[in-house]
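Proteins come first, then strands; the chains are lettered A, B, ... in the order of their sequence lines, and each starts at number 1. The structure displayed is predicted, hence computed values, not measured ones.
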Amino acid sequence: MTSYRSGPDANGLFGSFGGQYVAETLMPLIHDLAAEYEKAKIDPEFQKELAYFQRDYVGRPSPLYFAERLTEFCGGAKIYLKREELNHTGAHKINNCIGQILLARRMGKKRIIAETGAGMHGVATATVAARFGLECVIYMGTTDIDRQQANVFRMKLLGATVIPVTAGTGTLKDAMNEALRDWVTNVDSTFYLIGTVAGPHPYPAMVRDFQAVIGKETREQMLAQEGRLPDSLVACIGGGSNAMGLFHPFLDEQSVKIIGVEAAGHGIESGKHAASLNGGVPGVLHGNRTFLLQDEDGQIIDAHSISAGLDYPGIGPEHAWLHDIGRVEYTSVTDAEALDAFHKCCRLEGIIPALESAHALAEVFKRAPKLPKDHLMVVNLSGRGDKDMQTVMHHMSEQEKHA
Amino acid sequence: MSRLQSRFAQLKEQNRAALVTFVTAGDPNYAASLAILKGLPAAGADVIELGMPFTDPMADGPAIQLANIRALAAKQNLAKTLQMVREFRAEDSSTPLVLMGYFNPIHHYGVPRFIAEAKEAGVDGLIVVDLPPEHNVDLCDPAQAAGLDFIRLTTPTTNDARLPKVLGGSSGFVYYVSVAGVTGAGSATLEHLQQAVARLRRHTELPLCIGFGIRTAEHAAEVARLADGVVVGSALVDRIAKAENDQQAVDGVLGLCRELAEGVRGARR
């Protein structure tokens, strides 16, 4: 059997997806980064340091928690939550940030830049930059700044400079454009800490590797708790880093069904969504060839999701490939379904999930009731929902007005 | 001989550099943009770069970002840009015209269809910012096979080890991006340019055009003493941003073009 885990190839391609579609100014930089990452990957000292920070700073391993009340409510599959929301800074984002900041330090970079949507990646980046004493600049769209003010304040507390991006719709895509413009201008001093499994090679593979700790732990924990592998995995997808982190160690396990959940916003048919695989076509943006939301002229369409972290018109190229070859099933969940799942998780488990993770939970509510009681299902609870209080409050008051 | 080759050969005989002008197709709208395009050769442009608008121009600074937004708001697309080239070619068969932009709109249009229509419309070459030589198979190879030049960007970060790879598939001319940064930002020192030109000349015999941060006739003249061509974009596009109506946009761009041409033409006298 050929492995699903051997990609990308030497050109950074997963099938026909991925690659290095960037301006010439950046090409030498991403080649340097790829070379340095290859060295770090096999350097025992680097791996040892990474493991130390994962354990004592991030708080890993995160628990694999049997969600008894969710399971009872659904009345089918046995549901486990991978508790990434318990990590330092409240989401999976820090797994990748710790890895990349160690690489930045190894490369002698003094200045860290990053893009952020919901602000979780921005907070995680600002956190590790503070820990290692590096200058930190975060690009964030003005729309996202408005709906994620608490995270903006957290980044500032941590010493980062937050630069508002007004271009486009002022969301994640625009923040990424602006971060790329910064990088192209400050090539010598600056390390671009991309927050998801997208961008030019080596980012998709590197971020996946740093996030794969999620799946590796899940595998061990499930074997210890149930004596066997899970039957299905469910995770939400914006760029797709929490999902890739959970999925990758299981890709070659044919018995494990893998489900990625995109944000359908107001519904795919409405055109206001963020489901690149279910509602987009292949194209080239931000350094990689992947599925993109675009119009009939190949212009990029703004994504829509209630969850700022999923509000991106593209998706990591490895997901595009896994979709193309059919190894992973990619489905989608609307804003309303995600909100409903959000409330259920709060009441049933006493866990306030991020709106991103609530998309994965919504898919669980659809599937779990139809599955047998011995079906083991793992959901990646990628982040906590504290950052989403404003959004949820706003939505509840709107609903009351209409009621 | 291609239009680019004969134009650079002709200018070499005259011992002067080319003025290479950039404007975005459809900015501020189709009609005014076409009027600008048609007026450029008489205003002194020797080579024309015509931008293909894109929603996410990641390598461009604010001036050209706004040009893209204006053009897209006026419903410009690739088919209309090619139509604009056809209308230009009906009146001008000698001025080389190069399309410049990002890959996605071309990818979406379909590479074979784009190449065929561009060739037929009278396009001479392509500059695609986000297609490094690592992706030659995507567009560069088939475009060159069809007789379209593929113009490479080289930058201050393109080191000697990498230059042969970048220049290998180049044709038409070589565009030296003189500062690490986005379009319209700072400009390089003359000393940096002298060193860069000397380095590039060791690697290629193609004409060498320098761009990024060149805004005035005086500055253009300085660069024209060193290079085979001077590229000006953001400063021209700014004239459209400042215009209150279409006529002002046309007059503003062509007026600055005349000033720049005077600078470039007088540079080596």
Side-chain angles (χ1 to χ4, degrees), chain A residues 10-13 16 18-32 34 165-169 173-174 176-190 199-201 280-290 292-302 313-314, chain B residues 52-62 65-66 68-69 71-72 75-81 101-110 114 128-135 137-139 152-159 161-163 165-166 175-177 179-183 185-186 212:
Chain A
N11 299 316
L13 290 169
S16 66
Q20 298 182 306
Y21 295 89
V22 296
E24 174 57 28
T25 310
L26 294 179
M27 281 307 297
L29 280 74
I30 61 176
H31 282 312
D32 282 353
V165 179
T166 51
T169 44
K173 153 181 103 89
D174 311 298
M176 198 152 180
N177 288 336
E178 215 50 41
L180 283 163
R181 291 182 186 120
D182 179 311
W183 201 25
V184 96
T185 307
N186 300 291
V187 288
D188 292 326
S189 63
T190 298
H201 176 70
V281 292
V284 171
L285 180 71
H286 293 153
N288 58 161
R289 183 174 186 275
T290 188
L292 299 171
L293 303 182
Q294 46 187 318
D295 69 12
E296 68 279 8
D297 293 324
Q299 304 296 344
I300 306 304
I301 296 175
D302 289 308
Chain B
M52 298 172 280
F54 183 46
T55 39
D56 294 78
M58 286 153 284
D60 285 297
Q65 287 176 45
L66 289 172
N68 278 278
I69 291 169
L72 291 171
K75 308 280 181 211
Q76 186 71 15
N77 61 22
L78 204 41
K80 288 184 187 171
T81 300
Y102 296 82
F103 187 40
N104 197 58
I106 298 171
H107 182 277
H108 196 80
Y109 199 74
F114 171 73
V128 184
V129 179
D130 52 355
L131 279 181
E134 280 76 359
H135 286 290
V137 290
D138 291 56
L139 180 62
R152 287 282 173 211
L153 304 172
T154 65
T155 74
T157 60
T158 316
N159 56 32
R162 186 171 163 77
L163 260 181
K165 182 170 192 162
V166 175
Y175 186 146
Y176 182 63
V177 172
V179 286
V182 293
T183 51
F212 277 46

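Counting heavy-atom pairs under 4.5 Å between each of B:L131, B:D138, B:N159 and chain A puts B:D138 at the top. When each of B:V177, B:I106, B:N104, B:V166 is scored by its heavy-atom pairs under 4.5 Å with chain A, the top score falls to B:N104. Of the residues considered (B:E134, B:H108, B:R152, B:H107), B:H108 shows the highest number of contacts with chain A, using heavy-atom pairs under 4.5 Å. Each of B:P132, B:P62, B:G186 has some count of heavy-atom pairs under 4.5 Å with chain A, and the biggest count is that of B:P132.
Heavy-atom distances place both the backbone and the side chain of A:H286 under 4.5 Å from chain B. When heavy atoms are compared at a cutoff of 4.5 Å, B:F54 approaches chain A by way of both its backbone and its side chain. Heavy-atom distances place the backbone of B:D60, and not its side chain, under 4.5 Å from chain A. Residue contact with chain B, scored on non-hydrogen atoms closer than 4.5 Å, is absent for A:N186. Contact of A:V22 with chain B is made through the backbone alone, with heavy-atom distances under 4.5 Å. In this structure, the portions of A:D297 lying under 4.5 Å from any heavy atom of chain B include both its backbone and its side chain. With a 4.5 Å cut-off on non-hydrogen atoms, A:Q294 touches chain B through its side chain but not through its backbone. For chain A, no part of B:I69 is nearby; none of its heavy atoms comes within less than 4.5 Å. In this structure, no portion of A:I301 lies under 4.5 Å from any heavy atom of chain B.
By the 30° and 60° cut-offs, the orientation of the rings of A:Y21 relative to B:H135 is parallel.
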